[in-house]
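This report refers to the structure that appears directly beneath it.
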Amino acid sequence: MSDDKPRSPIESGCPDGFQYIHPVMRKNYGQWKFHEHPKPGVLRHVAYSGDEIWTVRVGTQRILDVFSLRELCDIGDEFADGYIHFTIRSNVEYMVSDPAKVEPLIEAITAKGYIVGGTKNSVAMLSHTQGWLHCDIPGTDASGVVKSMMDELIDEFRECNMPNRVHITTSCCQINCGGQGDIAINIQHTKPPKINHDLVSNVCERPSVVARCPVAAIRPAMVNGKPSLEVDEKKCICCGACFPPCPPMQINDAEHSKLAVWVGGNHSNARSKPTFQKLVAAGIPNNPPRWPEATAIVKNILKAYKEDAKDWERINDWIERIGWPRFFEVTNLPFTKYHIDNWRGARNSLNASTHIRF
Ligand code: SF4
Ligand code: SF4
């Protein structure tokens, strides 16, 4: 055994981000006069001091292998003053203070097969959660859905042809991260969990599993002489919240875990209140590796939005103007009983379905 003492942890948390910011941005932090959009994928910010910074935005697949990362960093070192920045939607941004460096930078990026775009009224990169790669509870992949859809939407990322910006998200389980945007592709479980009673007593803390259920559908039970759990399937809303603390409550299913598409979510801003997304397509096959059914629905919604919305209307503004019945007409999506929130607590949440508004 080595006699070396273990290294003490460094208790300083995240490093100070300012040291990684382009010097012109650091100097003018909070002192920007205006910005403009010279062309898709490029932004120009001008500071009160007269300094300028040019940003070039590049789409990535988010889960990056080390070779791609090195390639992107090498481009930054050679063509972009040695700085690189990741956005919340998994884009890479390069910043240069000299406008003469913008075109060589774009040429270097595109020569390596990356795409420039995602600014202003384009379809930005889909943001996604972890999926099969990292998380322990996903019912679908997220990276795969994003890759398949962005392959189909690449022209909408490269160009600025939408009435306003479009943010699309994915969520690979029904309850946790992700899944709120202009268009959201979310997992939808359609059957209650199937319990492996042999494992429950070894793996699960039964009281915490019982406490997780939002509709009190889980009860402790003795099964085959062992402590286990049982689910009142009439009450269960198939949310999957019991699965993370108790993997023997298996809810993921190749056939019954579906995808659902929700639209119209938006944060509040200076002019409007936040809006919640609403379910518009349910029971879509969770069909890897290319998810063609879900992709076709998303493309269809985008096509209708592009043709029918007025300039500057986000998807929620457009639907607010035309109404949900017209939305279903122009997108050709069927309105079914699954769109109606018939949960017994719906008295308080009817506003969440598309069939009623007040
Ligand atoms: S959405 Fe759910 S399954 Fe996907 S990464 Fe988040 S917690 Fe995990
Ligand atoms: S899936 Fe949701 S509603 Fe059903 S038993 Fe589990 S926690 Fe309760």
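Note that ligands are numbered from 1 as they come in the structure, with each ligand's atoms numbered from 1 the same way.
At a cut-off of 2.8 Å, Cys173 coordinates atom 2 (Fe) of ligand 1 through an N, O or S atom.
With Tyr94 contributing its side chain and Leu72 its backbone, the two residues share a donor-acceptor pair below 3.5 Å. Between the side chain of Arg165 and the backbone N or O of Thr119, no donor-acceptor pair lies under 3.5 Å. Side chain of Arg44 to backbone of Glu52: no donor-acceptor contact under 3.5 angstrom is found. No donor-acceptor pair under 3.5 Å is formed between the side chain of Asn121 and the backbone N or O of Pro163.
Shown here is His267, whose NE2 atom has no more than 12 heavy atoms of other residues, nucleotides or ligands within 6.0 Å. Counting non-hydrogen atoms of neighbouring residues, nucleotides and ligands closer than 6.0 angstrom, the CZ atom of Phe67 reaches no more than 12 such neighbours.
At the top of the distance list for atom 1 (S) of ligand 1, counting protein heavy atoms only, stands Cys177 O, 3.3 Å. Nearest protein neighbour of atom 7 (S) of ligand 1, counting heavy atoms only, is Asn176 CB, 3.2 Å. Taking atom 5 (S) of ligand 1 as the reference point, the nearest protein heavy-atom neighbour is Gln130 N, 3.3 Å. Counting only heavy atoms of the protein, atom 4 (Fe) of ligand 1 lies nearest to Cys172 SG, 2.2 Å. Protein heavy atom at the shortest distance from atom 8 (Fe) of ligand 1 is Cys135 SG, 2.2 Å. Among all protein heavy atoms, the one lying closest to atom 3 (S) of ligand 2 is Ile237 N, 3.3 Å.
Below 4.0 Å from some heavy atom of Val215 lie the following atoms of ligand 2, by number and element: 3 (S). Residue Ser171 approaches ligand 1 through these ligand atoms, each under 4.0 Å from one of its heavy atoms: 1 (S).
For atom 6 (Fe) of ligand 2, protein N, O or S atoms under 2.8 Å: 1 in total.
Between Tyr83 and His22, the ring-plane angle classifies as tilted under the 30° and 60° cut-offs. In this structure, Phe328 and Trp324 have tilted ring planes: the angle between them lies in the 30° to 60° band.
Test Lys191, His189, Gln188, Gln174 against Ser257 for side-chain hydrogen bond (donor to acceptor under 3.5 Å, both in side chains) and you get one pass: His189.
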Inset, instruction - With side-chain contact (heavy atoms from CB on, under 4.5 Å) as the test, would you mind laying out the steps for Ile154 and Ile115 before giving the verdict? - result: CA-CA 8 Å; Ile154 186 168; Ile115 42 167; 3.8 Å; yes
